[in-house]
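Everything below concerns the one structure shown next.
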There are 2 protein chains.
Amino acid sequence: MMVRYRITGDEADARAAVAHLCVEQTIEFPADLLRPDDPRRELIGREIELAPSGDGGWFADVSFAVSVTAFQLPQLLNMLFGNISMRPGVRLVDIEVPDALLEAFQGPRFGVAGLRRRLGAPDRPILATALKPMGTSVAELAAMAGDFAANGIDIIKDDHGLSDQPFGRFTRRVEACAAAVREASDTAIYLPSLNVPADRLFEAAEFAKEAGAQGLMVLPGLHGFDHMRALAESDLGMVIMAHPSMLGTYVASPDSGISHRLLFGTLARLAGADLVVFPAYGGRFSFTQAECRSIADALTAPLGGLRSALPAPAGGMTLDRLAEVAAFYGKDVAPLIGGELHRGDRVGNAREMRRSLA
Amino acid sequence: MMVRYRITGDEADARAAVAHLCVEQTIEFPADLLRPDDPRRELIGREIELAPSGDGGWFADVSFAVSVTAFQLPQLLNMLFGNISMRPGVRLVDIEVPDALLEAFQGPRFGVAGLRRRLGAPDRPILATALKPMGTSVAELAAMAGDFAANGIDIIKDDHGLSDQPFGRFTRRVEACAAAVREASDTAIYLPSLNVPADRLFEAAEFAKEAGAQGLMVLPGLHGFDHMRALAESDLGMVIMAHPSMLGTYVASPDSGISHRLLFGTLARLAGADLVVFPAYGGRFSFTQAECRSIADALTAPLGGLRSALPAPAGGMTLDRLAEVAAFYGKDVAPLIGGELHRGDRVGNAREMRRSLA
C-alpha cells in the first residue's frame, strides 16, 4: 500500500529518513544481515518517489506490503507511524488503502445517510450540543438534555470531561439524560462520554444502551482508535462520535505527527466514527480553513464501500457563525455549539439554532 | 493537584494560555455565565505561578481540584492535557500526584525488586532482547528465544511489529516461544507483543498466560495507557513492559506534547509498567542524555507507595555500549539489544552481553 510522508530538511536528510523508515516500520532489523535472496526483504518498505513538498520539505511516497498490517488497525497504525514517530522531522501525511485492507473494516455503521434517516433530517445540517459544565447536578443536566431535544437539537452529548467524578457519577447521569432525551423527542440522539476506565469500557457502553442512549462518544486519544472500531463494530449497534481529546499534539507541528486529513478523517472513519468532533477554524483553537476542509473531505470522499461520516466542528462555535459554517461545509456538517447555547435562554437559543439551519 | 506546563511566547501569550487552560481542562464553559458564588467555579484550575522557563518560554504552575480527575487514569490524562493538546505552544511538563490520587493506582506489580527476585539477579543490570525480524518462521523464532534464554538473557520480547500477520500468527508464535523459553531457563521471562485488536486484548493476554508466557509487552500509544493499567492490575499477575510505538510525537517538540519524564516515566509507572522501553541516546533516534536521565529518574524516584520500574533503553543498542550504559544508569537498567545481537553468532553474543554486565 502507498503511504506518503512529509520529511523536513534537505534532500540528503530526506533520503536518510526514508531509508530508515522503510526498515524501521517493517523488519526493524539490520538489512545487511539478510542475504540478497532472503524473502523477508520483500517486507521492507520501498521508496517509490521523493519530491519537494512545496513548503521547504519533501514528500516521500513509500510502498509497503499490505500483509505487514495484519489487516488489523493496531498494526496498521504501528506500520504507518509506530517507531518512526520517534524520529523528528517525519510526518505521516496520507495513505491509499487497498481493497484487501478496506475489506477488513466496517467503517461507520450509520454514516451520513443512516444518521439522516434516524434523525428525520434528509437535507439540512445536523445540530449538536454538549451537556455542561461539570459539577452541574444530574437533575439539571437531564433538564438541559430534555430542553435541547424538545427544541430541535439532534445530537446531545456529554461534555467529554463528564467522567465518573464523585460530584457527577456516570451511571446516574446517563440514566437521567437518556430518559430525558427519549421523553422529549422521537429522533434526538444522546451520547454519553465514554470517559471511563479501560476495563469498564464495554460494560459502560452496554449500560448506556440499556439506559436508552442511542450513541456513544468515544475518545480515541485516551482509549486508542481500535477500541473505537471495536465498539462501532460490536453488536451494540450504537451511533459513534469521536472526540479529539489528547490528539492535538499529532497535528501541532507540520514537521511531525499525522496530517489533520488522515487523523480526523480517514483513520477516524476506518475506526467506525459516524461523527467526528474537531476544533472549528476561527474558534478557541487554531485549525485553519484548509485543515478543516481536508478533514471534511476525507470523511465524505469515496473510500471503498465505507459509509461517509459527518464533520462536527466545535470549540468556540456560536449561533452567529452557523450561516457561514453551512456555506463552508455544505449541508453535510454537524456544527456543535456548547457553552454559547447557554448564554441567556437555552430554549430560545436551541430554537434559533434549528431555525437558522432549517 | 499541582501541574506544570511550559508555554511558548511572551508573557502576555503565556497568561492568555494559562487563563484558557484553567477553564478548558475543567468546566469547558464560559466562566462569565457562572455567578461569583457558583460552586462550580471551584473546579476551575488556578494559576499559582508563572515564571520564565529559562529557555525562552514560561513555566505555568496550575492547581486543579483532584476530584476533577475522577481518580481514574483516562480522566486524569484528559484533565492534564486533553483539549489543551490542541492549542499550539502548550507542553505538559510535570505533575505532583497527591496521595488521594496515588491511592487509586497499584503501579508496577513487580517493580525493580520483584523483577530481580524473579530473575535471580539481585544486583546487576537486566539483559533484554527482541525476537525478530518479522517474517521469520515460528520454529526459528522459538529456537532464537531458547538460545537467548539458555545463554543468560533475562527478558525476551517479541519485536513489537510481530502482530498476527498471515505470515506469522500470534497464537502459534506465543505458544512456541513461551515453551522454548521455559524449557531453556528457570528464570528468563518471555513477553509477547500485545499488538492485537482491542476487543481481543484480554483474551490474547490470557492465551499468553496459558501458554506459559510470564509477561506482556503492551503498546499504550496504540491501546491507551489505561489499558496497560487494566492489564497490570488484573488477576493475570504478569510482568508488564511498555513499548513507545506512536508516542514519539508527544516528545518531538519542546513547544507541545508531554515531557519525556512524565510520558515515559511517571505516567507509565502509574499505568503499571514494570519495564519501560524508550529510545537510547546515541541510537537510531534522537533522545538526549538528559531526556533519558529524566525518564530513569521518574521511574525510580519515590512516588507514594508505588514500586519503581526499570528503564529499558533500546533502538540501536550495541554490545560495545553496555559498559557505558551501566555507567550512565547504574545497575537499575535493562538495556535492550535487538538486531545487533544477531550479528554473527547469537549464542556467543548473548554470553558476551551477560559477561559484560555481570
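Residue numbering restarts at 1 for every chain, and letters A, B, ... go by the order of the sequence lines.
Arg284(A) contributes no side-chain N or O that, together with a main-chain N or O of Pro279(A), makes up a donor-acceptor pair within less than 3.5 Å. In this structure, the side chain of Glu103(B) does not engage the main chain of Ala100(B) through any donor-acceptor pair within 3.5 Å. Side chain of Gln165(B) to backbone of Ser163(B): a donor-acceptor contact under 3.5 angstrom is found. The closest donor-acceptor contact from the side chain of Tyr250(A) to the backbone of His260(A) lies at 3.5 Å or more, if one exists at all. Judged by distance alone, with hydrogens and angles left aside, the side-chain atoms of Ser234(A) form a donor-acceptor pair with the main-chain N or O of Leu236(A) at under 3.5 Å.
Checked against ring pair (Phe, Tyr, Trp, His ring centres under 6.0 Å), His227(A) has the following partners two or more places apart in sequence or in another chain: His223(B), His227(B). For Arg40(B), the salt bridge (Lys or Arg N to Asp or Glu O under 4.0 Å) partners are Asp38(B), not counting sequence neighbours. Looking at residues two or more places apart in sequence or on another chain, you find a side-chain contact (heavy atoms from CB on, under 4.5 Å) between Val23(A) and Ile27(A), Ile44(A).
Looking at Leu201(A), only its side chain comes within 4.5 Å of chain B, counting heavy atoms on both sides. When heavy atoms are compared at a cutoff of 4.5 Å, Ile258(B) approaches chain A solely by way of its side chain, counted from C-beta outward. Contacts between Val90(A) and chain B at a heavy-atom distance below 4.5 Å are absent for every atom of the residue. Both the backbone and the side chain of Gln75(A) come within contact range of chain B, with heavy atoms under 4.5 Å apart. Heavy-atom distances place both the backbone and the side chain of Asp164(A) under 4.5 Å from chain B. At a 4.5 Å heavy-atom cutoff, the contact between Leu222(A) and chain B is made by backbone and side-chain atoms alike. Proximity to chain B (any heavy atom under 4.5 Å) is restricted, for Arg229(A), to the side chain, taken from C-beta onward. Leu77(A) touches chain B through backbone and side chain together, each having a heavy atom under 4.5 Å away. In this structure, chain B has no heavy atom under 4.5 Å from any part of Glu233(A).
Chain A forms more heavy-atom pairs under 4.5 Å with one residue of Ala70(B), Pro39(B), Ser253(B) than with any other, namely Ala70(B). If you tally non-hydrogen atom pairs under 4.5 Å between each of Pro74(B), Gly221(B), Gly135(B), Ala252(B) and chain A, the highest count goes to Pro74(B). Of all the listed residues (Phe81(A), Phe71(A), Phe278(A), Phe202(A)), the one sharing the greatest number of non-hydrogen pairs under 4.5 Å with chain B is Phe81(A). Listed options Gly161(A), Gly338(A), Pro197(A) were ranked by heavy-atom pairs under 4.5 angstrom with chain B; first place goes to Pro197(A). With chain A as partner, the option from Thr26(B), Asp226(B), Leu34(B) having the largest number of non-hydrogen pairs under 4.5 angstrom is Asp226(B). Put simply, of Gly339(B), Ser256(B), Ser245(B), the one with the most heavy-atom pairs under 4.5 Å next to chain A is Ser245(B). Chosen from Asp32(A), Thr69(A), Val251(A), Leu247(A), the residue pairing most often with chain B at heavy-atom distances under 4.5 Å is Asp32(A). Highest contact tally toward chain A, considering only Gly257(B), Gly82(B), Gly224(B), Gly344(B), is held by Gly82(B) [criterion: heavy-atom pairs under 4.5 Å]. Top candidate by heavy-atom pairs under 4.5 Å with chain B, chosen from His342(A), Met228(A), His243(A), is His342(A). For the set Thr136(A), Asp255(A), Ile84(A), Leu73(A), the entry with the most heavy-atom pairs within less than 4.5 Å of chain B is Thr136(A). For chain B, the option among Glu24(A), Met79(A), Arg87(A), Glu42(A) with the highest count of heavy-atom pairs below 4.5 Å is Glu24(A).
Counting only N and O atoms by type, the side chains of Glu28(A) and Asn83(A) include a donor and acceptor under 3.5 Å apart. For the residue pair Asn78(A)/His160(B), the side-chain donor-acceptor check at 3.5 Å is satisfied.
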Exercise. Hey, mind stepping through Glu340(A) and Lys132(A) against salt bridge (Lys or Arg N to Asp or Glu O under 4.0 Å) and telling me if it holds?
Worked result: CA-CA 11 Å; Glu340(A) 290 301 319; Lys132(A) 54 170 63 184; over 6 Å; no
For this session: Kindly indicate, with the supporting measurements, whether the criterion side chain to side chain contact (heavy atoms under 4.5 Å, CB included) is fulfilled by Leu319(A) and Ile337(A).
Result: CA-CA 7 Å; Leu319(A) 281 166; Ile337(A) 305 187; 4.0 Å; yes
Exercise. Could you go step by step and tell me if Leu131(B) and Asp159(B) meet the side chain to side chain contact (heavy atoms under 4.5 Å, CB included) rule?
Worked result: CA-CA 5 Å; Leu131(B) 303 177; Asp159(B) 217 10; 5.9 Å; no
For this session: Apply side chain to side chain contact (heavy atoms under 4.5 Å, CB included) to Ser193(B) and Leu219(B), showing your working.
Result: CA-CA 8 Å; Ser193(B) 175; Leu219(B) 304 103; 3.8 Å; yes
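The distance between the ring centers of Phe287(B) and Phe264(B) falls below 6.0 angstrom.
No more than 12 heavy-atom neighbours from other residues, nucleotides or ligands sit within 6.0 angstrom of CG on Asp235(B).
Interface residues of residues 166-173 of chain B toward chain A, defined by a heavy-atom distance below 4.5 Å and sorted by number: Pro166(B), Phe167(B).
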